[in-house]
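Here's the structure we're looking at; comments come further down.
Here, residue 1 is the first one in the sequence, and each next residue gets the next number.
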Amino acid sequence: MAHTKKNKNVFLMEVEYRLFLLIPLLIRALSLKQAYALAKICACIFYLVDFKHRNRAIAHILHSGIRTTLPEAKELAKANFLHMLKVFIEVVKCDQIVTPENYHEYFSHDSEDSEFARMMDPEHPVTAILASAHLGNWELAGNIYTLMSGQNLCSIMRPLANQKLGEYFYSHRMSKKHTTVSKEKGIRPLLAALNRGDSIAIVSDQHASSREGVEITTFGHPARAHMSVALLHLKTGYPILPVLAIRMDDNFHFKMTGAAPIRYKPTGDKEHDVKEITQLYTNAFEELIRKYPDQWLWAHRRWLDCNRNYQKKDDANDKETGH
């Protein structure tokens, strides 16, 4: 029976993958303008029928205080649904638009910090720990970084339930200078990348379990963030670079933007240091989210004092695993 179930799952995943491939084929057949127009229609439909993510996004927007009235929160949530579809379209169409020869026509970098600009200089590549977030187009950010900085990059990925779908997305994320490793392999591959002089990237704005995370504050509310970025910084001393790829218009122009590199002097209290470092780059994320609120993934879980049903479920899972 177990064998039959396994085969059925493989079959269903194959069907899901084959059906999914029809979507990229359609998007690639359209112009960017046409694809965005289709995204606008689909975003309206998804906003109406996807009660779970719509309501969660609205609740989180209000909880953050970035919008204070329900109508304002709904408008931002609608814009966010459209943004998410644009992210997917841009991943699918990127290689139709951008090449290693013309990338400078589409990608630029901008930051108020001069050291950030120096770290994006391809003439002087700098090894760094990139702390990224689900803001702007995080799927393209790695390739944009490697093209602009000239630096090799290794980023961590979360495996998808459907392995073939995962392979599709991660093949579009990778390039000759950008590789990925599974989260399941831990931090050893990331340490190896840093040791050979490559930069690494970790998307660091999602909720973490009590076993994997440290409690910090964002938008004035308690949250729990992953410790990996802080631990790697303390272990290696390489600077943390909060960096994001922000969409500037609907003509495929993106800006790599971020905050000043973080270099933290350890106090000897590891627990304290991990929390302080994590709070520093979380503050940088918050500042950028306030500038581009429609481009952050509002539907994902973030706070410990919001969406209590999810909190109880996570706590129960922690107890079941003995954490």
Side-chain angles (χ1 to χ4, degrees), residues 111 113 115-116 119-120 126-136 138-139 141-142 144-146 149 151-158 173 178-219 222-245 256-267 269-289 296-297 300-304:
S111 175
D113 183 74
E115 189 176 2
F116 179 94
M119 293 181 74
M120 295 298 295
V126 178
T127 300
I129 301 168
L130 274 58
S132 188
H134 291 90
L135 178 64
W138 63 92
E139 291 291 342
I144 295 175
Y145 169 79
T146 58
S149 70
Q151 178 74 349
N152 291 332
L153 180 69
C154 179
S155 62
I156 196 166
M157 67 179 189
R158 183 186 298 272
R173 178 183 291 183
H178 182 200
T179 58
T180 64
V181 295
S182 172
K183 178 186 174 184
E184 296 175 347
K185 294 185 178 180
I187 67 172
R188 287 186 179 181
L190 300 178
L191 282 172
L194 289 170
N195 288 335
R196 62 177 178 261
D198 296 347
S199 291
I200 64 168
I202 303 175
V203 179
S204 313
D205 64 332
Q206 286 184 308
H207 169 77
S209 68
S210 57
R211 176 175 61 88
E212 297 178 320
V214 58
E215 190 167 322
I216 44 86
T217 300
T218 185
F219 290 95
R224 195 185 298 129
H226 288 275
M227 297 184 287
S228 303
V229 169
L231 291 173
L232 286 164
H233 177 63
L234 289 172
K235 190 173 184 65
T236 67
Y238 286 114
I240 298 170
L241 186 64
V243 63
L244 304 150
M256 290 297 282
T257 188
I262 296 169
R263 291 182 173 87
Y264 183 86
K265 185 176 180 180
T267 65
D269 183 339
K270 185 177 179 180
E271 184 176 346
H272 168 84
D273 291 346
V274 167
K275 184 171 183 176
E276 287 296 307
I277 294 168
T278 306
Q279 187 67 64
L280 285 172
Y281 70 74
T282 298
N283 292 344
F285 290 160
E286 181 178 332
E287 184 176 343
L288 290 166
I289 292 167
W296 191 50
L297 181 55
H300 74 176
R301 184 181 171 200
R302 185 55 170 153
W303 292 281
L304 297 174

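- Considering all non-hydrogen atoms of both residues, Thr278 and Ala230 come closest at OG1-CB, 3.7 Å.
- A donor and an acceptor atom, one from each side chain of Asn283 and Glu287, are nowhere located under 3.5 Å apart.
- Side-chain contact check for Thr217 versus Gln279: some heavy-atom pair is nearer than 4.5 Å.
- With a 4.5 Å cut-off on side-chain heavy atoms, Trp303 and Phe219 count as touching.
- Taken from OG1 in Thr127 to CG in Asn195, the straight-line distance is 10.0 Å, to the nearest 0.5 Å.
- Here CD of Glu115 is found 8.5 Å from CG of Leu241. Values are rounded to the nearest 0.5 Å.
- Side-chain N or O atoms of Arg224 include one that pairs as donor or acceptor with a backbone N or O of Ala208 at under 3.5 Å.
- In this structure, CG in Leu190 is found 11.5 Å from CG in Leu231, a value given to the nearest 0.5 Å.
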Quick one: do Leu135 and Leu288 satisfy side chain to side chain contact (heavy atoms under 4.5 Å, CB included)? Show the steps, please.
CA-CA 8 Å; Leu135 178 64; Leu288 290 166; 3.8 Å; yes

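- With a 4.5 Å cut-off on side-chain heavy atoms, Met119 and Ser149 do not count as touching.
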Evaluation steps, side chain to side chain contact (heavy atoms under 4.5 Å, CB included), between Thr236 and Ile129: CA-CA 10 Å; Thr236 67; Ile129 301 168; 4.0 Å; yes

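- Looking at Arg302, Arg301, His226, Glu212 one by one, the single match for side chain to side chain donor-acceptor pair (under 3.5 Å) with His207 turns out to be Arg301.
- Partners of Arg188 according to the side-chain hydrogen bond (donor to acceptor under 3.5 Å, both in side chains) rule, which considers only residues two or more places apart in sequence or in another chain, do not exist here.
- Closest heavy-atom contact between Ile144 and Ala245: CD1-CB, 3.9 Å.
- Without hydrogens or angle criteria, Gln151 side chain to Gly197 main chain gives a donor-acceptor distance under 3.5 Å.
- Side-chain contact check for Val203 versus His134: some heavy-atom pair is nearer than 4.5 Å.
- Distance alone, capped at 3.5 Å, places no donor-acceptor pair between the Ser155 side chain and the Ala201 backbone.
- In this structure, the side chains of Tyr264 and Asp273 come closer than 4.5 Å at one or more pairs of heavy atoms.
- We find the CD1-CG distance between Ile200 and Leu232 to be 4.5 Å, quoted to the nearest 0.5 Å.
- When all heavy atoms of Ala225 and Ile216 are compared, the closest pair comes out as CB-CG1, 4.0 Å.
- Note that CG of Leu130 and OH of Tyr145 are 5.0 Å apart. Values are rounded to the nearest 0.5 Å.
- By the 4.5 Å heavy-atom criterion applied to side chains, Thr146 and Asn152 are not counted as neighbours.
- In this structure the side chain of Leu297 never reaches within 4.5 angstrom of the side chain of Gln206, judged on heavy atoms.
- Proximity of Ile262 to Tyr281: side-chain heavy atoms (C-beta onward) are separated by under 4.5 Å at one or more points.
- Atoms OH and NE2, on Tyr238 and His233 in that order, are 12.5 Å from each other to the nearest 0.5 Å.
- Counting all heavy atoms, side chain and backbone alike, Pro242 lies closest to Phe285 at CB-CE2, 4.5 Å.
- Closest of all the heavy-atom pairs between Pro266 and Leu234 is CG-CD2, 3.9 Å.
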